[in-house]
Amino acid sequence: HFFFASRAKELHGLNSLRCASSGTVDVKVPLNFWCGDRVKIKDVSTTEPVYEPATGRVLCELELCGSLEVNQAVQAAQSAYQAWSRMSGMERAHIMIEAARIIENRREDIAEIEVVNNGKSITEARMDVDSARLCIEYYAGVASTLAGQHIQLPGGSFAYTRREPLGVCVGIGAWNYPFQIAAWKSAPALACGNSMVFKPSPVTPVTAVMLAEIYAKAGTPEGLFNIVQGGQETGSLLCHHPDVAKVSFTGSVPTGKKIMEMCSKGVKQVTLELGGKSPLLIFEDSDLGNAVKGALMANFLSQGQVCSNGTRVFVQRQMLPEFLEEVVRRTKDIEIGDPLLESTRMGALVSRPHLDRVLGYVEQARKEGAKVLCGGEPFVPLDPKLRGGYYMTPCVLGDCTDDMTCVKEEIFGPVMSVLSFETEEEALLRANNSALGLAAGVFTSDVKRAHRVVEHLKAGSCFINNYNITPVEVPFGGFKMSGIGRENGQVTVEHYTQMKTVFVEMGDVDSLF
Ligand SMILES: NC(=O)c1ccc[n+]([C@@H]2O[C@H](COP(=O)([O-])OP(=O)(O)OC[C@H]3O[C@@H](n4cnc5c(N)ncnc54)[C@H](O)[C@@H]3O)[C@@H](O)[C@H]2O)c1
Ligand SMILES: C[N+](C)(C)CCCC=O
């Protein structure tokens with residue numbers, strides 16, 4: 001077995017840690033991190049197994065943090081905050097640029113470990129690492145632009161505003177984009193002068209700690225970015241902690257509601273990036289090839305485990321037969337298998353229970369009258385070492401109606417539900433008939449229709465003639481129950497700073513008393 005990252009190599013080595021293949025990695029190093037170092041918990045009371053989705057092997061036993069460890073991490077973050085928040089934006093930017101450079105050098109190591117822990121294809125994992133790096137580069141640029149305003153008042157008096165950091169911020173992540181989520185949260189937080197304690201999902205705990213090491217190696221003060229491992233108990237300790245100023249959460253709607261409730265006790269700010277059941281509208285005047293490619297990108301990235309996926313695909317009646325023929329043909333061609341192979345386009349779902357849940361949705365769709373046009377079955381690769389992995393064939397469901405469970409609930413797997421529509425007005429009404437509003441898409445060659453439709457779509461991210469692109473300089477986030485606040489883009493500065501106004505009197509006090 002390949003032993004993942006000896007300590008010295010992990011901290012200092014920029015050499016590639018090329019894995020031999022799936023089924024060969026053991027994670028031996030501690031996965032908690034504070035005060036600038038990996039931490040082995042003394043007297044561990046609870047551990048949880050972490051799996052390799054491609055094979056079903058146990059990768060490691062995760063040591064879960066209790067209140068003692070959470071306090072230590074928050075304390076470390078508080079002390080680093082004192083130094084970091086006093087640095088100029090340019091000074092912070094230099095260190096963040098160095099972190100981005102290290103990520104670029106370690107791109108392959110990080111991507112491979114992400115694949116081993118998450119099950120997505122190596123091609124996609126590389127894109128996630130690039131997105132993480134770009135996010136840190138982007139916010140390094142933003143750090144040096146943070147500034148307030150000067151407001152002239154009568155008699156030579158004036159006021160000015162200062163954009164100040166919040167303090168210790170908490171990030172809580174989902175399992176579908178482990179490294180990318182850690183970067184999307186930490187980059188704006190750190191750029192604005194905050195420190196962070198990040199809790200990854202206990203299902204995918206391995207790569208966030210690599211980011212912590214990279215920030216430390218780049219020169220951030222000890223304790224600036226810390227990792228505590230655990231599930232809901234650890235998360236709730238963080239949300240209730242009196243020294244935490246803000247919680248940025250990515251995950252499901254039910255957990256998001258709990259986070260908001262916990263944060264309300266301390267009147268803490270929250271950013272919530274929650275689930276979706278997004279519509280994709282394909283009009284008959286669309287370019288068929290692009291519409292099909294868009295629908296595939298909207299449904300099958302990361303084994304369909306993407307919050308913004310456009311899983312309700314509404315196709316205008318006249319185009320439906322040719323769309324279905326082409327989308328089914330291309331879906332059947334998707335290469336499933338060992339996620340570390342270059343040729344693989346769909347790897348393993350994240351866990352056995354999740355795979356069973358997704359397959360259960362396909363079965364229920366069939367019972368409710370949907371037609372399984374392809375896929376929706378467990379997939380067993382020929383390679384014997386992959387037999388215990390969590391694979392399924394990507395699925396296209398036809399004859400779907402708005403009242404079916406597969407059309408109403410977030411499945412979070414490779415299952416596309418296709419519906420047909422007649423008119424633009426009808427499509428919009430049906431598309432907006434959801435409590436969620438993360439994303440939406442429209443394919444049409446009529447530019448007026450495209451803008452008219454997106455104006456009426458109730459979703460935070462709308463795509464015209466494309467789907468699921470998330471450049472880091474563009475804000476991302478949801479309407480309705482899909483969330484509060486935004487990640488990425490300039491606007492996120494508002495979510496990681498508070499504004500102080502300062503009134504300066506240049507004359508005498510004009511007192512009424
Ligand atoms: N909008 C987005 O940007 C975005 C991105 C990725 C995933 N998601 C959503 O995430 C969901 C899938 O991810 P998941 O299964 O990891 O979600 P989840 O809600 O089960 O867990 C998310 C995180 O919250 C933690 N957690 C659970 N209970 C908690 C509690 N009571 N207090 C504090 N923390 C707690 C978990 O340990 C994990 O780290 C999907 O609904 C998906 O749409 C949204
Ligand atoms: C990178 N994607 C695929 C656009 C999605 C990122 C956000 C969520 O799950």
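Numbers here simply count residues along the sequence, with the first being 1. One-based numbering, in listed order, for ligands and for the atoms of each.
A 6.0 Å sphere centred on CZ of Phe476 holds more than 12 heavy atoms belonging to other residues, nucleotides or ligands. Atom CE of Met262 sits in a crowded spot, with more than 12 heavy atoms from other residues, nucleotides or ligands closer than 6.0 Å.
Atoms of ligand 2 lying under 4.0 Å from at least one heavy atom of Val306, given by number and element, are 3 (C), 5 (C), 9 (O). Taking a cut-off of under 4.0 Å to the non-hydrogen atoms of Gly275, the atoms of ligand 1 that pass are 41 (O), 43 (O). Taking every heavy atom of Gly235 and a limit of under 4.0 angstrom, the matching atoms of ligand 1 come to 32 (N), 33 (C), 34 (N). Close approach of ligand 2 to Cys307 (heavy-atom distance below 4.0 Å) involves ligand atoms 7 (C), 8 (C), 9 (O). Annotation for ligand 1: atoms under 4.0 Å from non-hydrogen atoms of Trp175 are 13 (O), 14 (P), 15 (O), 16 (O). Atoms of ligand 1 found under 4.0 Å from any heavy atom of Gly231, numbered from 1 in the order shown, are 37 (O). Shown in contact with Gly173 at under 4.0 Å from a heavy atom are these atoms of ligand 1, numbered in order with element: 22 (C), 23 (C), 38 (C), 39 (O). Each of the atoms 3 (O) of ligand 1 lies under 4.0 Å from some heavy atom of Phe476. Using a 4.0 Å cut-off to heavy atoms of Thr470, the atoms of ligand 2 that qualify are 1 (C), 2 (N), 4 (C). Short contacts between ligand 2 and Gln180, defined as distances under 4.0 Å to a heavy atom of the residue, involve ligand atoms 1 (C), 6 (C).
Residue contacts with ligand 1, taken as heavy atom pairs separated by less than 4.0 Å, involve Phe412 solely via side-chain atoms from C-beta onward. Here Thr234 has no heavy atoms under 4.0 Å from ligand 1, in either its backbone or its side chain. Contacts with ligand 1 closer than 4.0 Å are made by side-chain heavy atoms of Glu410 only, the backbone lying farther away. At a heavy-atom distance under 4.0 Å, only side-chain atoms of Met262, from C-beta outward, approach ligand 1. With a 4.0 Å heavy-atom cut-off, ligand 1 is reached by the backbone of Leu274 but not by any atom from C-beta on.
The shortest separation from a heavy atom of His354 to ligand 1 is not under 4.0 Å, leaving the residue out of contact. Pro200 counts as a contact of ligand 1, since one of its heavy atoms falls under 4.0 Å from the ligand. Within the 4.0 Å heavy-atom cutoff, Pro202 counts among the residues contacting ligand 1. The shell of residues lying under 4.0 angstrom from ligand 1, judged by heavy atoms, includes Phe249.
The shortest distance between side-chain heavy atoms of Thr470 and Tyr177 does not fall below 4.5 Å.
Distances from atom 19 (O) of ligand 1 to the heavy atoms of Gly276, Ser252, Ser461 put Ser252 nearest. Distances from atom 29 (C) of ligand 1 to the heavy atoms of Glu261, Lys199, Gln232 show the closest one on Gln232. Nearest to atom 9 (C) of ligand 1 by heavy atom, out of Cys307, Gly251, Ser201, Ala174, is Gly251. Taking all heavy atoms of Thr250, Val247, Thr255 into account, the minimum distance to atom 22 (C) of ligand 1 is reached by Thr250.
Where the criterion is an N or O separation shorter than 3.5 Å, residue side chain and backbone included, Asn176 fails it with respect to ligand 1. Of the N or O atoms in Asn176, one or more lie within a sub-3.5 Å distance of an N or O in ligand 2.
Under a 4.0 Å N-O distance rule, the pair Arg366/Glu363 qualifies as a salt bridge. In summary, Asp402 and Arg312 do not engage in a salt bridge, as defined by a charged side-chain N under 4.0 Å from a carboxylate O. Looking at Arg329 and Asp333, a side-chain N of the basic residue comes within less than 4.0 Å of a carboxylate O on the acidic one, giving a salt bridge. The existence of a salt bridge linking Glu108 and Arg126 is confirmed by a sub-4.0 Å separation between a basic side-chain nitrogen and an acidic carboxylate oxygen.
Applying the ring-ring contact (aromatic ring centres under 6.0 Å, His included) criterion to Phe225, with sequence neighbours excluded, gives Tyr215.
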Solution key, residues 250-258 side-chain donor-acceptor pairs under 3.5 Å, sequence neighbours excluded:
residue	atom	partner	partner atom	Å
Thr250	OG1	Lys185	NZ	2.8
Ser252	OG	Thr255	OG1	3.1

